[in-house]
Asker: 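Pasting a structure here, questions to come.
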Protein chains: 2
Amino acid sequence: MNALTGGKLKLIQAALRLITETRSLTSLGLRELAREAGLNPNTFYRHFKSLDEFGLQVLGYIAEEMKAGVRDLRQMADSSEQASRDTVAFVYHYFLANPAATTVAVRELHGPSPILRRALESQLEASAREMAEDIIERQLVSAVPPETIHEISRMTIRYILFRAMDYIEKPAQRETIQTETEHFINRQFRGAMLDHLSQTEVERLALRQS
Amino acid sequence: MNALTGGKLKLIQAALRLITETRSLTSLGLRELAREAGLNPNTFYRHFKSLDEFGLQVLGYIAEEMKAGVRDLRQMADSSEQASRDTVAFVYHYFLANPAATTVAVRELHGPSPILRRALESQLEASAREMAEDIIERQLVSAVPPETIHEISRMTIRYILFRAMDYIEKPAQRETIQTETEHFINRQFRGAMLDHLSQTEVERLALRQS
DNA sequence: GCAGGCAGTATACGACTGTCTACTTCCCTG
DNA sequence: CAGGGAAGTAGACAGTCGTATACTGCCTGC
C-alpha cells in the first residue's frame with residue numbers, strides 16, 4: 001500500500017527540509033540530497049531516474065499532503081456560516097503547519113523548470129475548480145454567474161499562495177495578512193455582483209448609505 | 001555619468017539573457033556568466049565582490065529600466081479617461097518588451113535568496129505606493145478611503161506581476177489575461193466601495209438592476 | 001534452502017565550480 | 001613622455017557535481 005520505501009521517503013523529506021531554508025527544488029543536487037538524508041549518493045538512482053523525475057515525485061508527495069488538508073477543510077466549512085472568514089483562517093493555519101510544501105509550491109510555480117511549473121499550475125487549477133464548485137453548490141454568492149466564480153476562485157487561490165510565504169515568515173503580519181485576504185475575497189465577489197452596472201451607478205449606490 | 005563600464009554591463013546583460021531561458025538569478029555561476037559574456041571568468045571579480053552583490057546590482061539595473069517605464073506610463077495615463085483599461089494594456093505591453101527583467105522579478109520575489117527578496121519587495125512596495133498616490137491625487141475612486149486604495153494597489157501590483165509571466169509565455173492567452181486583470185481591478189475597487197454594507201444589503205443592491 | 005531481485009555502499013572518472021596569485025594590456029593623467 | 005591604476009587574461013588550486021561500474025546485504029518466492 002505505502003509506495004514509499006525508506007530511502008525514497010528519506011530523500012523527499014530531505015528535499016523539503018533543504019527547501020524550507022534557502023534552497024529551491026530545482027537547484028538541489030543529488031549528492032546534497034543524499035547527504036541530508038544520510039544516504040549514499042548513488043542510492044538516489046535506485047529510486048529516481050533523474051532530478052527532473054525527482055522533482056515531479058516531490059510535487060506528487062506534497063500534492064497528496066495538500067489534498068488531505070483540503071478534505072479536512074471542506075468538512076469543516078460545511079458546518080460554518082461565515083464561510084470566507086473561517087476558510088481563510090483554516091487555510092493559513094494549514095500552510096503554517098506545512099511550511100516546506102508551501103515553500104516548494106510558491107517557489108516552483110514561477111521557477112526555472114517548465115515541467116514543474118506546468119505540473120503545479122494544473123494542481124492549482126484543480127484546487128480552484130474545487131473551490132468554485134463548492135461555492136456554487138452551496139449557493140454562497142448566487143448573484144454571480146458560475147464562470148465568474150471560477151475566475152475569482154483562480155485569483156484567490158493564487159493570492160493566498162503568494163501571501164502564504166509572508167504568513168509563514170513574518171509572524172507579526174499574520175493578522176494583517178488574514179484580514180487583507182478576507183477583504184480580497186469579499187471585495188472580489190461584491191464587485192462581481194455589480195459587474196453589470198456602470199461606474200456612475202456604482203458610485204451612486206455606494207454613497208447612498210454612507 | 002554612466003557607471004557601467006563595458007565588462008560590467010556585458011556581465012549583467014549576459015545574466016538577463018540566461019535567466020530568460022530556464023535559469024534563475026540565484027542559480028547563475030560566475031564562470032557561466034563570463035562565458036556567456038565572452039569574458040575571462042576572473043573579470044567578474046574586477047566588478048563584483050560576490051555573486052550576492054552581483055544579484056543586487058542586476059536588480060538595481062532592472063529597477064532603473066522599470067522606473068523609466070513607469071515614467072512613460074504616468075505621462076500617458078494623464079491623458080486618458082478610462083485609466084484602468086489603458087494602464088493595464090500599457091503595463092503588459094511593457095512587460096512583453098522587457099521579458100528578462102520581468103522574469104527576474106517574478107522568479108526572485110519568492111526565490112531562495114532572502115536578500116534579493118527583501119530588495120524586490122521594497123521595490124514593489126514603492127511602485128504600489130506610487131500607484132496609490134496617483135489614484136488618490138486624480139480622485140479616480142473618491143468613494144474609497146486612502147488606506148484601502150494603498151491596500152488594493154499592493155494587491156494589484158503583485159497580481160499583474162504574476163500574470164506577466166503567463167502573458168509573456170502564452171501569446172494565446174494575452175487577451176484573456178488583460179481582461180481578467182481589468183476585472184480584478186474594477187471588482188476590487190467596486191467591492192471596496194461597499195465595504196461598509198452588510199452582505200444582505202449588497203445582494204439587494206445587486207439584484208435591483210439586473 | 002537457495003536464487004533472484006531490490007536497497008544501499010564503495011570507489012573512481014571527468015567536468016565544472018569559486019577563488020587565488022601573477023601576468024599583460026590599455027588608457028588617463030601629470 | 002612616463003607612470004600608475006584599472007580592465008582583462010592565464011594558469012592552477014581544492015572542492016563539488018552527476019554518473020558509471022562493481023560490490024555487499026536482505027528479503028521473498030519457489
Side-chain angles (χ1 to χ4, degrees), chain A residues 1-61 104 107-108 111-116, chain B residues 1-61 104 107-108 111-116:
Chain A
M1 179 61 76
N2 186 4
L4 296 177
T5 72
K8 199 166 185 171
L9 186 60
K10 271 187 193 167
L11 285 168
I12 291 180
Q13 288 176 338
L16 295 182
R17 230 173 300 134
L18 286 170
I19 289 169
T20 320
E21 298 165 14
T22 48
R23 309 303 317 275
S24 132
L25 182 52
T26 331
S27 77
L28 286 179
L30 166 163
R31 300 180 102 105
E32 189 181 10
L33 251 355
R35 207 181 309 127
E36 174 75 21
L39 292 171
N40 187 282
N42 285 314
T43 307
F44 183 89
Y45 286 113
R46 300 287 165 204
H47 305 290
F48 311 100
K49 201 170 40 134
S50 66
L51 283 167
D52 273 336
E53 192 198 313
F54 176 72
L56 285 175
Q57 298 239 19
V58 172
L59 245 51
Y61 178 79
V104 172
R107 210 155 274 174
E108 301 307 327
S113 159
I115 305 155
L116 296 185
Chain B
M1 180 65 74
N2 186 5
L4 295 179
T5 72
K8 200 166 185 172
L9 185 60
K10 270 186 193 168
L11 285 168
I12 290 180
Q13 287 176 337
L16 294 182
R17 230 174 301 136
L18 287 171
I19 290 169
T20 319
E21 297 164 16
T22 49
R23 311 301 317 274
S24 130
L25 181 53
T26 331
S27 76
L28 287 178
L30 164 165
R31 298 181 104 106
E32 190 182 7
L33 251 355
R35 206 181 310 125
E36 174 75 21
L39 293 172
N40 187 285
N42 286 312
T43 307
F44 183 89
Y45 285 114
R46 300 287 165 201
H47 304 290
F48 311 101
K49 200 170 43 135
S50 69
L51 282 167
D52 273 336
E53 190 197 313
F54 176 71
L56 286 175
Q57 298 238 18
V58 173
L59 246 51
Y61 179 79
V104 172
R107 209 153 274 175
E108 302 307 327
S113 159
I115 305 155
L116 295 186

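Order of the sequence lines fixes the chain letters, A, B, ..., with proteins taken first and strands second; residue numbering starts at 1 for each chain. Everything quoted here is computed from the prediction, not taken from an experiment.
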Asker: May I ask you to decide if B/N40's main-chain N or O and B/R35's side chain share a donor-acceptor pair within less than 3.5 Å?
Answerer: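 Not at all, since once roles are kept as given, no pair shorter than 3.5 Å links the two residues.
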Asker: Consider the side chain of A/R35, meaning its heavy atoms from C-beta on, and name the nucleotide among D/dC17, C/dG8, C/dC16 that approaches it most closely.
Answerer: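 Within the option list, the nearest is D/dC17.
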Asker: From the options B/V58, B/L51, B/L33, select the one residue that forms a side chain to side chain contact (heavy atoms under 4.5 Å, CB included) with B/L28.
Answerer: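 One option only clears the test, and that one is B/L33.
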Asker: Quick one: does A/R31's side chain get under 4.5 Å of A/P41's, heavy atoms only?
Answerer: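 Result yes, sub-4.5 Å side-chain heavy-atom pair found.
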Asker: Closer than 4.0 Å, any side-chain N/O of B/H47 to the OP1 or OP2 of D/dG8?
Answerer: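 Looking at the OP1 and OP2 atoms of D/dG8, one of them is under 4.0 Å from a side-chain N or O of B/H47.
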Asker: A/E36 CD to D/dC17 C1': how many Å, rounded?
Answerer: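 These atoms are roughly 17 Å apart.
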Asker: Going by side-chain contact (heavy atoms from CB on, under 4.5 Å), name the residues that satisfy it together with B/E36, two or more places apart in sequence or in a different chain.
Answerer: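 Scan of B/E36 (side-chain contact (heavy atoms from CB on, under 4.5 Å), adjacent residues dropped) gives B/A14, B/R17, B/L18.
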Asker: In the 5'-to-3' direction, what one-character label does each nucleotide of nucleotides 18-28 of chain C receive under the scheme B = base within less than 4.0 Å of a protein heavy atom, S = sugar-phosphate only, - = no such atom?
Answerer: BBB-B------
Asker: Would you please test A/S113 and A/E108 for side-chain hydrogen bond (donor to acceptor under 3.5 Å, both in side chains) and show each step?
Answerer: CA-CA 8 Å; A/S113 159; A/E108 301 307 327; over 6 Å; no
Asker: Can any side-chain N or O of B/R107 pair as donor or acceptor with the backbone N or O of B/G111 at less than 3.5 Å?
Answerer: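 Looks like no, no N/O pair under 3.5 Å.
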Asker: Bend angle of the helix from C/dG1-D/dC30 to C/dG30-D/dC1 from five-pair axes at both ends, rounded to 10°?
Answerer: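 The two end axes of the helix from C/dG1-D/dC30 to C/dG30-D/dC1 meet at 10°.
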Asker: Could you give the CG-to-C1' distance, from B/L11 to D/dT9, as a whole number of Å?
Answerer: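 Rounding to the nearest Å, CG of B/L11 and C1' of D/dT9 are 14 Å apart.
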Asker: Atom CG of A/N40 to atom P of D/dG25: distance rounded to whole Å?
Answerer: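 The answer, rounded to whole Å, is 15 Å.
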Asker: For the residue pair A/L30 and A/N42, establish whether any side-chain heavy-atom pair is separated by less than 4.5 Å.
Answerer: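 No. Closest side-chain heavy atoms not under 4.5 Å.
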Asker: Contact between A/K49 and A/F54 at the side-chain level, heavy atoms closer than 4.5 Å - yes or no?
Answerer: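 No. Closest side-chain heavy atoms not under 4.5 Å.
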